[in-house]
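Report on the following structure.
In the text below, chain A, chain B and the rest are named by the order of the sequence lines, each starting its count at 1.
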Number of protein chains: 2
Amino acid sequence: MNTQENRLNKIIDKIKKNGHRLTSQRIAIIKYLVESSNHPSADEIYSSIKKDYPATSLATIYKTISLLKSYNELLELEFSDKGSRFDGFSSSPHPHFICTRCSKIEDAEIETDSIVKQINEDAHFQIEYFKMNFYGICSQCRNIK
Amino acid sequence: MNTQENRLNKIIDKIKKNGHRLTSQRIAIIKYLVESSNHPSADEIYSSIKKDYPATSLATIYKTISLLKSYNELLELEFSDKGSRFDGFSSSPHPHFICTRCSKIEDAEIETDSIVKQINEDAHFQIEYFKMNFYGICSQCRNIK
DNA sequence: GTACTTGCAAAGCTTTTGCGACATC
DNA sequence: GATGTCGCAAAAGCTTTGCAAGTAC
């Protein structure tokens with residue numbers, strides 16, 4: 001079983017365990033999120049799900065997003081200007097690269113345990129999770145000039 | 001001359017240098033931002049400025065915020081649920097602690113140069129700046145229980 | 001005097017909410 | 001069959017925009 005299937009099943013289990021209902025729309029949305037590595041917006045999720053469920057509404061997308069966040073199974077990248085982007089590909093906090101020219105978002109493969117550990121020692125805060133975004137020009141945009 | 005006065009003058013110089021106009025509202029807003037360490041929202045800035053300029057509007061606050069961001073003299077903390085908070089106290093990127101219980105935001109006194117340096121070496125991105133938020137329970141909320 | 005800025009109101013966006021109809025358990 | 005969920009429309013919040021009047025230069 002591959003990683004995405006694993007994540008899908010894990011989330012389905014949580015839905016059952018919490019007494020929530022397993023609707024076909026939910027499964028479609030979760031499947032889409034788990035398989036996406038491009039950090040979609042709510043509207044992009046909506047457009048994709050609409051192909052199979054023409055009657056779906058954005059409200060349902062947001063309700064499912066909210067459910068997944070409550071399970072800690074979805075990361076939200078918050079942008080004041082163009083709304084949030086979501087990362088359901090991997091549920092554990094990790095840094096992101098954001099291109100200031102083309103707005104592309106990429107997962108940053110950076111070891112963060114030691115950073116968080118050190119901060120937890122220094123801080124008077126008890127760190128639960130983090131959000132880390134690094135902004136710059138991606139290699140593609142740098143080559144185009 | 002203290003640090004805040006220094007920052008205020010630095011920003012005033014930038015306004016002049018860029019051919020923008022030095023209005024009394026702008027100075028008041030910048031002064032407020034430079035002296036605040038509590039990461040105010042646009043509305044909190046507005047309420048404070050209104051005391052001296054009763055006719056001020058939120059639009060002017062946002063326009064000044066936009067100007068300062070274009071100068072790289074204002075950090076924006078983006079939250080999808082309750083709008084942005086601003087940090088004009090120090091203009092260089094630094095991490096923040098955010099209490100998940102009382103929503104307090106504090107500057108995190110953490111050395112980040114080495115982290116950014118390492119990422120710049122590893123990454124195919126050319127990092128210009130970052131946003132780093134650490135979420136958890138602050139010491140006050142922990143004691144209250 | 002020119003052109004940038006202000007303040008007001010309206011518009012724009014994303015996200016949330018209320019509610020009747022429907023589907024899951 | 002009970003109740004959680006869906007889909008629609010309307011509402012809510014924050015932020016931006018258009019424009020006439022005012023102000024800095």
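- When heavy atoms are screened at a 4.0 angstrom cut-off, Thr56(A) is found touching the sugar-phosphate backbone but no base atom.
- Protein atom NZ of Lys17(B) is 20 Å distant from nucleotide atom C1' of dC4(C), rounded to whole Å.
- Nearest-nucleotide positions on DNA chain D for Lys82(B) and His20(B) put Lys82(B) closer to the 5' end.
- Counting any heavy atom pair closer than 4.0 Å across all strands shown, Ala55(B) reaches sugar-phosphate atoms only and no base atom.
- Distance Phe86(B) CZ to dC14(D) P: 12 Å, rounded to the nearest Å.
- Nucleotide dC25(D) holds its P atom 10 Å from the CZ atom of Arg26(B), rounded to whole Å.
- Backbone-only contact: Ser84(B) has heavy atoms under 4.0 Å from sugar-phosphate atoms and none from a base.
- Lys104(A) NZ: more than 12 foreign heavy atoms inside a 6.0 Å radius.
- In this structure, Ile12(A) atom CD1 and dC25(C) atom C1' are separated by 16 Å, rounded to whole Å.
- Summary of the strand contacts: Thr23(B) and Ser80(B) both lie near DNA chain C, and taking for each the nucleotide with the nearest heavy atom, the more 5' one is attributed to Thr23(B).
- The 5' end of DNA chain D is approached more closely, in terms of each residue's nearest nucleotide, by Leu67(A) than by the other of Leu67(A) and Ala42(B).
- In this entry the distance linking CZ of Arg85(A) with C1' of dT14(C) reads 13 Å, nearest Å.
- Residue pairs meeting the salt bridge (charged side-chain N to carboxylate O under 4.0 Å, His left out) criterion with at least one member in residues 56-72 of chain B, sequence neighbours excluded, are Lys69(B)-Glu76(B).
- For the pair Ser36(A) (side chain) and His39(A) (backbone), a donor-acceptor distance under 3.5 Å is absent.
- Scanning atom types as modelled, no donor and acceptor separated by under 3.5 angstrom connect the side chain of Lys63(A) and the base of dG4(D).
- Residue Ser57(A) has no polar side-chain atom (N or O) positioned under 4.0 Å from OP1 or OP2 of dC8(D).
- With hydrogens and angles ignored, a donor-acceptor pair under 3.5 angstrom links the side chain of Arg21(A) to the base of dT3(D).
- The distance from atom CD1 of Ile98(A) to atom CZ of Phe130(B), rounded to the nearest 0.5 Å, is 13.5 Å.
- dG13(D) atom C1' lies 11 Å from atom CG of Leu58(B), rounded to whole Å.
- More than 12 heavy atoms of other residues, nucleotides or ligands sit less than 6.0 Å from atom NZ of Lys14(A).
- The OH-P distance, from Tyr62(A) to dT5(D), rounds to 20 Å in whole Å.
- Between the P atom of dC4(C) and the CD atom of Gln25(B) lies a distance of 17 Å, rounded to the nearest Å.
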